[in-house]
> 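Quick one: the structure is below, and I'll ask about it shortly.
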Amino acid sequence: MSSANSAKRAHKPFALVDCDNFYVSCERVFAPKLRNRPVVVLSNNDGCIISRSAEAKALDIKMGAPLHHITALIKSANVAVCSSNYALYGDMSERVKQTLKQFSPEIEMYSIDEAFLRLPANPELTLCASDIHQRVLRWTGIPVSIGIGETKTLAKVASRIAKTSPSRVCNAFEQTSLEQTSLERIDRDKLLAETPVTKIWGIGKRHGTWLKAQGITTALQLRDINDEQIRRRAGVLGLRTVWELRGRSCLPLTMTIPTRKGVTCSRSFGRRTRNREQLREALATYAARVGEKIRRDGSAAGALTVFLMTNRFSNEPQYSKSALLTINPPSDDEKTLIQLALAGFERIYNANYRYQKAGVTLTDLTPINEVQTDLFPPSQTSRAPEKRETNTTQNAAEHSKSLSHILDSLNTTHGAGTIRYAATGIDKPWRMRSNYRSPCYTTHWSDLPLIPTLY
DNA sequence: TCTGGGGTCCTAGGACCC
DNA sequence: TCTGGGGTCCTAGGACCC
């Protein structure tokens, strides 16, 4: 089969730069005592493991393992445990991005810990990748692995191999027109043969199981599958993955941040609750938070969804319900969003269940300055006495909107939650757990690391 | 007692409307 | 001989990603 060789070759290689054990690496930058020992970072609510150091992986601690399942091992192996600290990780991610921009203006931050780069065609690709590795490590303290290929999917495959390579680089780009000088270039068929089909970007559990049933267990076999067969089963997305494995680039670099379709804030509670007031407080809090997010983006929401659910792992009766409310005209106003969330809550609340999780989603987002105002506002059609009243109503709406922005600036300057609506609660007994939280070393003045005086 | 959160895209059935 | 059909909205869930 020569499809890999006959496929049209992309002009410039894609590199995937992937931070190693990113959250653990961030924690280690400012806490050297965490180096050379097993470390794990927990999900929100201190629920399960979402990042592991190499030492923790060696202990066979699994990704996604619930903390309470491995408490004995944590203790016996002296594993350091951190709650997640997204303010720190987001800031470190930005530093990595700024460093990578030195190497190519064509960069896509794909996730908090991964970036695709389009590198200039260069006979010394492997050397260039080593430079990237060195500089990111020196400037940010974060170790990265780098995979290179004709397509994003091939770069991903290569980056997985890079993780186990001493140089942390795997170059799978087939350079025909350029002089190949690197000794590290890998035979791509061999690379694909070593990659289990379930490790390919875009192939999840379900499709992986089906492929195995067809006798397809490696990336090499998937690359050579019949187009129609994969399209029928996995749709155009599956077909695209196969073409990408053949070296035909279907997924371009997206350098502009796509406008978001929706924004969600949802949390599991510290403990299950059926308490109406607590649930209202939680939902008001989540509504306030999504409001903050869209105001930061300069968007207004045209719809709000609120949802409640019971614990899916328990034997208790299950209940999961959502309510969608339209916001007309679209708004970013905190008070409006809180009121709608609470109205939605009243539609779905059932006191017979204990709830584990709740959330608020905003959708139909439009730029705030493009929001259509009402074509026939009451003030234009009503007579004088009513006119005064509607003006008052409109003023109240304007007032409330600017109030939201004042809240934002106060909370930005003086810390989150400085000023907030009383509906969001005071004690918040439903709040999630976060018992092992590290300081916000890089984003809070009060958390700046201090260097002790030595004399 | 204890099992994350935030996304995108797709499908599918029922209600409802013209 | 014959039970229309095409659109949107809502809700729910599946599949995938980090």
Side-chain angles (χ1 to χ4, degrees), chain A residues 16 18-19 21-23 40-51 62-72 74 81-86 89-90 93 108-116 152-153 156 159 198-211 233-238 240-241 251 254 257-273 286 289-290 293-294 302-316 318-326 344 347-348 354 356-365 432-435:
Chain A
L16 177 69
D18 189 358
C19 300
N21 320 326
F22 183 56
Y23 298 168
V40 295
V41 173
L42 304 176
S43 62
N44 273 324
N45 221 24
D46 290 346
C48 55
I49 306 319
I50 55 170
S51 182
K62 296 272 191 283
M63 187 70 170
L67 178 63
H68 70 271
H69 282 178
I70 56 167
T71 42
I74 296 279
V81 175
C82 304
S83 298
S84 37
N85 182 346
Y86 289 100
Y89 310 150
S93 176
E108 170 188 347
M109 276 313 278
Y110 173 69
S111 72
I112 196 167
D113 67 340
E114 281 172 83
F116 286 106
K152 285 181 164 182
T153 304
K156 274 267 206 185
S159 81
T198 49
K199 301 290 181 188
I200 299 168
W201 190 36
I203 302 298
K205 203 173 167 186
R206 198 62 181 264
H207 293 146
T209 306
W210 175 79
L211 285 166
R233 177 71 193 191
V236 291
L237 301 179
R240 208 150 66 185
T241 296
L251 301 165
T254 46
I257 299 161
T259 50
R260 280 198 279 202
K261 305 275 191 298
V263 179
T264 302
C265 177
S266 69
R267 293 283 184 276
S268 290
F269 302 126
R271 52 176 180 270
R272 281 173 246 172
T273 181
Y286 304 156
R289 195 157 303 159
V290 285
K293 287 187 189 175
I294 65 164
L304 179 149
T305 304
V306 38
F307 67 88
L308 285 175
M309 58 177 70
T310 49
N311 185 326
R312 64 188 193 279
F313 299 104
S314 86
N315 296 322
E316 293 181 26
Q318 298 287 306
Y319 181 85
S320 169
K321 215 158 182 65
S322 68
L324 185 143
L325 300 90
T326 55
R347 272 170 41 184
I348 57 176
R354 290 200 304 157
Q356 174 69 28
K357 187 175 177 177
V360 174
T361 300
L362 299 180
T363 47
D364 293 358
L365 302 178
M432 67 177 186
R433 285 180 300 274
S434 185
N435 294 331

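By convention in this document, chain letters (A, B, ...) are assigned in the order of the sequence lines, proteins followed by strands, and residues within each chain are numbered from 1.
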> Dot-bracket for DNA chain C, 5' to 3', with Watson-Crick and G-U pairs under 3.5 Å, [ ] for crossing pairs and | for other-strand pairs: what is it?
....||||||||||||||
> Within the structure, does a side-chain N or O atom of A:Arg272 lie under 4.0 Å from either OP1 or OP2 of B:dC2?
yes
> Walk along nucleotides 9-18 of chain B from 5' to 3' and tag each nucleotide B, S or - by protein heavy-atom contact under 4.0 Å, base first, then sugar-phosphate.
S---------
> Within the distance-only criterion (no hydrogens, no angle test), does the side chain of A:Ser43 pair as donor or acceptor with the backbone N or O of A:Cys48 below 3.5 angstrom?
yes
> To the nearest Å, how far apart are A:Arg312 CZ and B:dT3 P?
9 Å
> Give a yes/no answer on whether the side chain of A:Ser43 brings an N or O atom under 4.0 Å of OP1 or OP2 in B:dG5.
no
> Are A:Ile49 and A:Leu42 packed together at the side-chain level, in the sense that at least one heavy-atom pair is separated by less than 4.5 angstrom?
yes
> Taking A:Thr241 for the side chain and A:Leu237 for the main chain, is one N or O donor matched with an acceptor at less than 3.5 Å?
yes
> Using modelled atom types and a 3.5 Å cut-off, is there a donor and acceptor pairing between side-chain atoms of A:Ser93 and backbone atoms of A:Tyr89?
no
> Reading DNA chain B from 5' onward, which residue's closest nucleotide shows up sooner: A:Leu67 or A:Thr259?
A:Leu67
> Below the 4.0 Å mark, does B:dT8 have OP1 or OP2 next to a side-chain nitrogen or oxygen of A:Arg260?
no
> Which value, in whole Å, describes the distance between the P atoms of nucleotides B:dG14 and C:dG4?
16 Å
> What contact category does A:Lys156 fall into here, base, sugar-phosphate, or nothing, at under 4.0 angstrom with non-hydrogen atoms?
sugar-phosphate
> Picking from B:dG5, B:dT3, B:dG7, which would you name as closest to the side chain of A:Val263?
B:dG7
> Would the distance check show the side chain of A:Thr326 and the main-chain N or O of A:Ala303 forming a donor-acceptor pair, the cut-off being under 3.5 Å?
no
> Using whole Å, what does the distance between atom C1' of nucleotide B:dC2 and atom CD of A:Glu316 come to?
13 Å
> Angle between ring planes, A:Trp201 versus A:Phe116, binned at 30° and 60°: parallel, tilted or perpendicular?
tilted
> Need one value for A:Leu42: base, sugar-phosphate or nothing, where a base atom within 4.0 Å counts as base even if backbone is also close, heavy atoms only.
nothing
> Quick one: does A:Asp113's side chain get under 4.5 Å of A:Asp18's, heavy atoms only?
yes
> I'd like to know if the side chain of A:Gln318 and the backbone of A:Asn311 have a donor-acceptor N/O pair within less than 3.5 Å.
yes
> If the condition is side chain to side chain donor-acceptor pair (under 3.5 Å), which residues does A:Lys62 pass it with, not counting sequence neighbours?
A:Asp60
> Pick from A:Arg354, A:Arg272, A:Gln356: which one makes a side chain to side chain contact (heavy atoms under 4.5 Å, CB included) with A:Ser314?
A:Arg272
> B:dG6 C1' sits how many Å from A:Tyr86 OH, rounded?
9 Å
> Nearest-Å distance, CZ (A:Arg267) to C1' (B:dG5)?
7 Å
> On the nucleotide B:dG4, are OP1 or OP2 found under 4.0 Å from the side-chain N or O atoms that A:Gln356 carries?
no
> For the pair made of CZ in A:Arg271 and P in B:dG4, what is the distance, rounded to whole Å?
18 Å
> Would you mind reading off the distance between A:Asn44 atom CG and B:dG5 atom P, rounded to a whole angstrom?
6 Å
> Touch check for A:Ile200, heavy atoms < 4.0 angstrom, all strands: base, sugar-phosphate only, or nothing?
sugar-phosphate
> Does the side chain of A:Ser84 get closer than 4.0 angstrom to OP1 or OP2 of B:dG4 through an N or O atom?
no
> Rounded to whole Å, how long is the line connecting atom CE of A:Met309 with atom C1' of B:dG5?
12 Å
